Amino acid sequence: MLMMHAPANAPAGAGLASWNPEEVHRMIRFMKDLNADLKSRGELVGAEGLEYPPRPRIVRASGNGAPIVTDGPFVETKEFLTGYWVVDVPTETRAFEIAAHASSCPGPGGAPLNMPIEIRQVMPGPPE
């Protein structure tokens with residue numbers, strides 16, 4: 001799993017509302033092209049962009065199992081998760097290549113965002 005993190009104090013952290021329409025279109029085209037390439041190679045399992053805080057919510061189960069919904073997470077950290085890809089690749093090196101390419105997504109002014117991409121192996125299910 002490749003997880004893209006946005007610095008909370010960077011232009012991307014402010015959300016796409018601060019970008020001009022051409023910059024948003026360029027970023028979306030880049031992500032669609034990346035996903036199409038991964039799909040054509042048989043490497044893409046799934047990918048999604050995530051809403052910027054503060055719109056997400058935290059949900060916990062109450063004592064009777066009913067949902068308790070609270071605001072958050074709050075962007076009091078240095079970065080937050082903005083999207084992810086689940087890929088099926090033969091080597092860790094290939095995952096690094098994909099992550100580096102995703103990190104180079106264009107941002108305001110067309111400059112690469114170079115956002116950090118966290119890579120974690122998706123673990124298999126429990127033994128039978």
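The structure presented is a predicted model; accordingly, all values stated were derived computationally and were not measured.
Heavy atoms only, all atoms of each residue included: N64 and A66 are closest at OD1-N, 3.0 Å. Closest heavy-atom contact between M1 and V86: CE-CG2, 3.8 Å.
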Discussion item. Run the side-chain contact (heavy atoms from CB on, under 4.5 Å) test on H5 and M3 for me, step by step, so that the C-alpha distance in whole Å, both residues' side-chain angles and the decisive distance to 0.1 Å come before the verdict.
Written reply: CA-CA 6 Å; H5 296 270; M3 297 173 281; 4.0 Å; yes

Practice prompt. Evaluate the criterion side-chain contact (heavy atoms from CB on, under 4.5 Å) for residue pair D37 and R41; output intermediate values, then yes/no.
Written response: CA-CA 6 Å; D37 179 58; R41 294 170 180 260; 3.1 Å; yes

Worksheet item: Given the rule in the side-chain contact (heavy atoms from CB on, under 4.5 Å) test, do L38 and W85 qualify, once you have shown the distances and angles that lead to the verdict?
Response: CA-CA 10 Å; L38 293 173; W85 295 263; 4.1 Å; yes

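Side-chain atoms of S62 do not come within 3.5 Å of backbone N or O of I68 as any donor-acceptor pair.
Between E92 and Q121, every side-chain heavy-atom pair lies at or beyond the 4.5 Å cut-off. Looking at Y84 and M4, their side chains never come closer than 4.5 Å, going by heavy atoms from C-beta outward. When side chains are defined from C-beta on, T70 counts as touching I58, because their heavy atoms get closer than 4.5 Å. The shortest side-chain heavy-atom distance between V87 and V45 does not fall under the 4.5 Å cut-off. When side chains are defined from C-beta on, I119 counts as touching F96, because their heavy atoms get closer than 4.5 Å.
Within 6.0 Å of NE2 on H25 lie no more than 12 heavy atoms contributed by other residues, nucleotides or ligands.
A search for side-chain hydrogen bond (donor to acceptor under 3.5 Å, both in side chains) contacts involving E22 returns R26, not counting sequence neighbours. Legend: residues meeting side-chain hydrogen bond (donor to acceptor under 3.5 Å, both in side chains) with D88, ordered by chain and number and at least two apart, are absent. Shown here are the side-chain hydrogen bond (donor to acceptor under 3.5 Å, both in side chains) partners of R120, two or more places apart in sequence or in another chain: E118.
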Identify each donor-acceptor pair in which a side-chain atom of residues 108-117 lies under 3.5 Å from a protein atom, sequence neighbours left out, and give them as a table.
none

Could you tabulate the donor-acceptor pairs under 3.5 Å formed by side-chain atoms of residues 27-34, not counting sequence neighbours?
residue : atom : partner : partner atom : Å
R29     : NH1  : D33     : OD1          : 3.0

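T91 OG1 to E97 CD: the interatomic distance, rounded to the nearest 0.5 Å, is 6.5 Å. With rounding to the nearest 0.5 Å, the separation of CG in L81 from CG in L50 is 5.0 Å.
Under the 4.5 angstrom side-chain criterion for Ile, Leu, Val, Met, Phe, Trp and Tyr, the cluster partners of V59 are V69.
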